[in-house]
> 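Sharing a structure with you now.
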Amino acid sequence: MSETPKSTRAGHGADTIYWDPAKKSYVGAVSLGYAPNGKRRRPKVYGKTKTEVRQKIRDLKKEMQTGVKAPANYTVADAVNDWLERGLKGRDEKGTIGKNRSMANKHLIPFIGKAKLKELSADDVDDWLDDRAEFLATRSLRDLLAILRRSIAHAQRRDKAARNVALLVTAPEGRPGRPSKALNLEQAKAVLAAARPSRLYANLVLSLLSGVRTEEARPLTWDHVFLETKDGIPPHVAVWRSVRKHGETKTRKSRRTIALPKQVVEVLEEHMRWQKQERASRGMEWSQTGRVFTTRSGEPLDAANVRRDFRGILARAAKVPGVDLKPHEWTPRELRHSFVSLLSDHGIPLETIALLVGHSSQATTEAVYRKQLRPVITKGAEAMDDIFAEDQEGEDAEGEEESDAVA
């Protein structure tokens, strides 16, 4: 016969662990001193084993020491939703908040959302990330871990969590991410030709020929576009805004003024005339946003619609003989990659490209667009080949003259 677990007797004021036959579990009575009213503070915890009870006693004492009494039923999902609701104030609802909410709803909450935050362990987080690594790229896994870390940190600041176990975990390697691409010259020409009948044409021309980010092109207003040469200053566009919260650009260095190629000026002039006609025909239905690129009613363009229309244009361009394009593999942001690639192929120095795309240094440009930049390490070898080729030609000529003299 199995023996009934015996109680562990302890001295006065000490912690006690004993078996409760009625509850069929171990009970830990914790000694936490006295309350202000003089009554003894002796809460109880329960567990299936003595080891589990001892751990709960340690956690309870830690909560008392830190002054944090985490809610017993507060879940990971609660923490994530609280952070999304209160921890991202001032951030763009459709951008930063929308992206984090989408990732959390797809890959975090359905898998560990029900876990009680108080009981969440580093092993739980590791197991969750290892499972997601079969489906997500490494960058996405790091973003997911960041969401969990920030959510728990937010809970800590509100005394709903004693520790942040997500800080003890490192994101694993995931699936290879989708590599960025750039249009070559023939592809770029085919895309622009296919876009000519579209209302997105001017947007694509500006993005491809000036390197403006898609998030900078969508909120661009006419008062930041200068299509005439004035006081010796050529036509240019002032890139000072984006669709980010409060209209801020990605970084301060992203604020830049870019001279416009002739083709861009001509396309924007035509676009302005066409928009005036459309505005006049719409009358009161037109939304007075002052934006360069709008919907048919003058409203701001939506990123999803731009991406859809862009891929439709690529589908038409792909029908051109010799143009190898798979529309579903491309996004509008790769027009900027194409801008960098075409300039690099044309021999434009890296430091100049960095200024045009609004990077704080050419190191950033090289890191972000390393696949689009033509390797410059060969420059020295090419120059030396040219130099010594000239000397060799001179030696060959002198050799021929000597041969003629001997003859």
Side-chain angles (χ1 to χ4, degrees), residues 84 88-102 105 191-192 194-227 235-250 254-258 260 264-317 327-328 330-336 339 358:
L84 289 169
L88 292 173
K89 290 179 180 178
R91 303 296 182 89
D92 180 47
E93 182 65 35
K94 290 185 178 180
T96 302
I97 298 177
K99 176 186 174 183
N100 283 295
R101 191 182 301 280
S102 176
N105 288 339
V191 169
L192 292 184
R196 190 69 183 84
S198 166
R199 66 183 299 108
L200 201 60
Y201 177 59
N203 184 301
L204 299 191
V205 170
L206 176 67
S207 299
L208 180 61
L209 274 65
S210 68
V212 171
R213 293 180 176 91
T214 181
E215 66 185 50
E216 296 167 340
R218 281 186 282 124
L220 186 66
T221 53
W222 284 112
D223 58 353
H224 284 74
V225 178
F226 305 88
L227 300 179
H236 61 278
V237 59
V239 183
W240 294 350
R241 294 176 55 79
S242 78
V243 293
R244 293 169 183 266
K245 193 70 172 179
H246 306 307
E248 293 296 323
T249 50
K250 189 171 184 180
S254 294
R255 296 180 184 179
R256 61 207 186 278
T257 300
I258 305 171
L260 295 175
V264 177
V265 173
E266 292 170 358
V267 169
L268 286 177
E269 286 176 340
E270 181 185 12
H271 181 74
M272 180 185 285
R273 291 192 295 270
W274 169 77
Q275 191 184 81
K276 285 180 179 178
Q277 293 174 0
E278 189 173 48
R279 185 169 64 240
S281 65
R282 290 280 177 174
M284 295 297 292
E285 295 179 5
W286 182 269
S287 179
Q288 301 292 339
T289 61
R291 299 205 178 191
V292 177
F293 308 113
T294 68
T295 65
R296 288 180 173 80
S297 59
E299 295 292 335
L301 293 178
D302 178 75
N305 291 338
V306 170
R307 183 167 57 251
R308 180 201 62 204
D309 293 346
F310 176 64
R311 287 175 175 169
I313 290 168
L314 288 180
R316 292 196 292 273
H328 66 280
W330 293 79
T331 63
R333 68 181 176 86
E334 281 157 335
L335 292 172
R336 182 171 160 88
F339 169 78

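Computed from a prediction, not measured in an experiment: that's the story for all the values here.
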> Name all residues meeting the side chain to side chain donor-acceptor pair (under 3.5 Å) criterion together with Ser287; count only those two or more places apart in sequence or in a different chain, and write none if there are none.
Glu299
> Tell me every residue that passes side chain to side chain contact (heavy atoms under 4.5 Å, CB included) with Glu269, counting only those two or more places apart in sequence or in another chain.
Leu227, Val265, Arg273
> Suppose we screen for side chain to side chain contact (heavy atoms under 4.5 Å, CB included). Which residues come up paired with Ser198, at least two apart in sequence or across chains?
Leu200, Ile313, Arg316
> Give me the atom names and distance for the closest heavy-atom approach of Val237 to Val225.
CG2-CG2, 4.2 Å
> State which residue, out of Leu204, Leu192, Leu335, fulfils the side-chain contact (heavy atoms from CB on, under 4.5 Å) condition with Leu209.
Leu192
> Determine the minimum heavy-atom distance between Trp222 and Arg291, stating which atoms define it.
NE1-O, 3.5 Å
> With sequence neighbours excluded, tell me which residues meet salt bridge (Lys or Arg N to Asp or Glu O under 4.0 Å) with Arg311.
none
> Quick check for you: to the nearest 0.5 Å, what is the distance between Asp309 atom CG and Asn203 atom CG?
10.0 Å
> Are any side-chain N or O atoms of Arg282 and backbone N or O atoms of Arg296, one a donor and one an acceptor, separated by less than 3.5 Å?
yes
> Taking all non-hydrogen atoms of both residues into account, name the closest pair between Pro332 and Thr214 and its distance.
CB-OG1, 4.2 Å
> Determine, stepwise, if the pair Val212 / Leu220 fulfils side-chain contact (heavy atoms from CB on, under 4.5 Å).
CA-CA 10 Å; Val212 171; Leu220 186 66; over 6 Å; no
> Check the surroundings of atom CZ in Arg333: do more than 12 heavy atoms from other residues, nucleotides or ligands lie under 6.0 Å from it?
yes
> Which residue pairs pass the ring-ring contact (aromatic ring centres under 6.0 Å, His included) test when at least one of the two sits in residues 274-309, sequence neighbours left out?
His271-Trp274, His271-Phe293
> Testing the basics here: between Ser207 and Ala217, what is the closest heavy-atom pair and its distance to 0.1 Å?
OG-CB, 4.2 Å
> Only counting residues at least two apart or in another chain, list the ones meeting salt bridge (Lys or Arg N to Asp or Glu O under 4.0 Å) with Arg279.
none
> Step by step, work out the side-chain contact (heavy atoms from CB on, under 4.5 Å) result for Val205 and Leu268.
CA-CA 9 Å; Val205 170; Leu268 286 177; over 6 Å; no
> Rounded to the nearest 0.5 Å, what's the gap from CD on Glu334 to CZ on Phe310? Could you check?
7.5 Å
> Tell me if a side-chain donor or acceptor on Arg336 pairs with a main-chain N or O of Gly211 at a distance below 3.5 Å.
yes
> For Phe226, check ring-ring contact (aromatic ring centres under 6.0 Å, His included) against everything at least two apart and list the hits.
His236
> List in chain and number order the residues that pass salt bridge (Lys or Arg N to Asp or Glu O under 4.0 Å) with Arg307, two or more places apart in sequence or in another chain; answer none if no residue qualifies.
none
> Which residues pass the side chain to side chain donor-acceptor pair (under 3.5 Å) test with Ser297, sequence neighbours left out?
Thr295
> How would you list, by chain and number, every residue that makes a side chain to side chain donor-acceptor pair (under 3.5 Å) with Glu278, sequence neighbours excluded?
Arg199
> Please enumerate all residues that pass salt bridge (Lys or Arg N to Asp or Glu O under 4.0 Å) together with Glu270, with sequence neighbours excluded.
Arg196
